[in-house]
Amino acid sequence: MASEESVQEGASFHGGRLIARRLKAHGVSKLFTLSGGHLFSIYDGCREEGVEIVDVRHESTAAFAAEGWAKVTREPGVCALTAGPGVTNGMSAMASAQANHSPIVVLGGRAPALRWGQGSLQEIDHVPFVRPLTKLAATAGATEEIPALVDLAFQSAIAPHGGPTFVDFPLDYVFMEAEEPASASPPASAARASSAAIERAGALLAEAERPVIMAGTDLYWGRGEESLLALAEKLRIPVFLNGLARGCVPADHELFFSRARSQGLKGADVAVVIGVPMDFRLAFGQAFAEDAEIVVLDTTEPERAHPRAVAAECYGELAASLEDLRIAAGDNALASESWIAQLRETETERREAERAEREDDRSPLHPMRLYAELGAMLDRDAIVIGDGGDFVSYAGRVIDSYQPGCWLDPGPFGCLGTGPGYALAAKLAHPERQVVLLIGDGAFGFSGMEFDTLARHGVNIVAVMGNNGIWALEKHPMEFLYGYSVAAELRPETRYDEVVQALGGFGEMVRSPQDVRPAIERAFSSGKPALVNVLTDPSVVYPRKSNLA
Ligand SMILES: Cc1ncc(C[n+]2csc(CCOP(=O)(O)OP(=O)(O)O)c2C)c(N)n1
Ligand SMILES: [Mg+2]
């Protein structure tokens, strides 16, 4: 939130300093960026105001790092992208933040207003092409407009659904001076869900025999984890989580399930769907039985119409809605004990069935064996980031999360190359915690150069690579569909660990299961950003539906 005290009414500053002063007022401590002349005055302002400049090797990383910062702090992340190609390079990350509801503020350089239309270097109007990706896209029309526009960008980014905002600043306006106006940012008041909808949802839950909760990313953004747990525990409702909601109920809680998901969702008579759209991840609503009653809770109305009829829709401040629902549902506890027991049986059976893969001793490794080794080394609050194909799908199945904000995947936009930016931001935000990046050999190609960034800034994350020499998530489905594959091979056994060493990090290659833990231990204690390059078996086919005969 903007702090009024920091505003020096009547004092005059250059445009870049005005930007930096608003960043500071909104609690921003880091600006992710890659240099360009259009940004110099913003840098000068940040230097004066004590906002740390974290410079990376590609603008996509600057913007992904801003998103990563938002994901691990639940505060807006900020990046500055230079005019023209700097902004176009950041567009995938803006689309990613849009899909994930991640609040980020993207500051753009811009060719000078005075010469607009005369063909200045990198002169292009960013606003029309970033507008579909953002909640707000605007150009500062004068130096004095800057503070209010930056405030607006923060307010808009945070307001539910959160997302990216974009403001660009003509070169001449950031160099010119203007007075700093009094800040007039009204605190956003949170909306409450309709009480009729809550009553209806409560009545359905009170009657439910096989209730489930399916919660996703907006639960996390809405800080609903404690209220969710209270609701689930009081009414004894099994919980399934995806996206950023992972860890909002700890993986070892008796009401948390993952392997029993399809049984739980299909078998439910009442499903409370919280903070997650019924998109492809929920089979467009078909993950639930046709006659199941669906109750939807979210911070605000959905962006798309629900793909099936829902019985109650509760849009408003999430923690409050969850508490109201707990009261409205009365005391149905114990009604679903046999339901819980059935799901627990499936969960336990499935976990047991994974044992052979977890103990598989082949070299190169089965990814499940690698995760069994790694899982044993992770702290409860370790932040685990996934960037890759099948390698990350396996991790999503078996790596457990115990606290909110500990599992970062690219989300439904599914962009490769998010990992190093997310990891950079996560470790800067939480230097005391383990930050582990799970990266495919294909994914490494997008932003592997960021190990230089990590080394230069002394950000000691540990990356664990599943190096199978292929784009497995594409190769196997293509072979299943066509009987052959193209554009699916990478070079086998490439020494990405040596690339990381050359960039100033620690690197090691591992071929056999027994060498994994010692290598990861050395990586953690190396005092450098590290990559453990683990050779994995390219013939392992991830059991997704499209691969199954
Ligand atoms: C920017 C981008 N380009 C292409 C894809 C399509 N894609 C999804 S997963 C994948 C394969 C990733 O390979 P790798 O990182 O080696 O992981 P593996 O599947 O081999 O475990 C590809 C190409 C994508 N998701 N994002
Ligand atoms: Mg691969």
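The first residue of the sequence shown is numbered 1, and numbering continues consecutively from there. Note that the structure is predicted; figures quoted are calculated from it, not measured.
- Classification of Arg522 and Glu508 as a salt-bridged pair holds, one side-chain N sitting under 4.0 Å from a carboxylate O.
- Under 4.0 Å is where a charged nitrogen must lie from a carboxylate oxygen, and between Asp151 and Arg22 at least one such pair does.
- Around CD of Glu177, the count of heavy atoms belonging to other residues, nucleotides or ligands within 6.0 Å exceeds 12.
- A salt bridge links Arg456 to Asp55: one of the charged nitrogens lies within less than 4.0 Å of a carboxylate oxygen.
- For the residue pair Asp168 and Thr139, a side-chain donor N or O sits within less than 3.5 Å of a side-chain acceptor on the partner.
- In summary, the side chains of Glu67 and Ser96 do present a donor paired with an acceptor at a separation below 3.5 Å, with no hydrogens or angles considered.
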- [ ] Check the pair Phe391 / Tyr371 against ring pair (Phe, Tyr, Trp, His ring centres under 6.0 Å), numbers first and verdict last.
- [x] CA-CA 10 Å; Phe391 188 54; Tyr371 289 134; 5.1 Å; yes
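- A 4.5 Å side-chain heavy-atom check between Leu424 and Leu454 finds at least one atom pair inside the cut-off.
- Seen from the ring of Tyr220, Arg74 counts as a face-on cation partner, given the 6.0 Å and 45° thresholds.
- Side-chain atoms of His101 and Asp218 include a donor-acceptor pair closer than 3.5 Å.
- At a threshold of 4.0 Å, the pair Arg21-Glu49 counts as salt-bridged, since one of the basic side-chain nitrogens sits closer than that to a carboxylate oxygen.
- A donor atom on one side chain and an acceptor atom on the other are not found under 3.5 Å apart for Ser321 and Tyr315.
- Residues Thr165 and Ile104 form no side-chain contact, since every pair of their non-hydrogen atoms from C-beta on lies 4.5 Å or further apart.
- No donor-acceptor contact under 3.5 angstrom links the side chains of Ser12 and Glu179, judged on distance only.
- Ring to ring, Tyr542 and Tyr394 are close: their centroids are under 6.0 angstrom apart.
- Under 3.5 Å, the side chains of His430 and Asp381 contain no donor-acceptor pair of N or O atoms.
- Side-chain atoms of His126 come within 3.5 Å of backbone atoms of Gly84 as a donor-acceptor pair (strictly under, hydrogens ignored).
- The one candidate from Arg110, His38, Met176, Arg115 that meets the side chain to side chain contact (heavy atoms under 4.5 Å, CB included) condition with Pro170 is Arg110.
- A side chain to side chain contact (heavy atoms under 4.5 Å, CB included) with His161 is found for one member of Thr299, Asn100, Thr217 and no other, namely Thr299.
- The closest side-chain heavy-atom distance from Trp221 to Pro160 is not below 4.5 Å.
- Aromatic ring centres of Phe169 and Phe175 lie farther apart than the 6.0 Å criterion allows.
- Using a 4.5 Å heavy-atom threshold, the side chains of Tyr402 and Trp407 count as separate.
- Contact annotation: the side chain of Val51 never approaches that of Lys30 to less than 4.5 Å [non-hydrogen atoms, C-beta and beyond].
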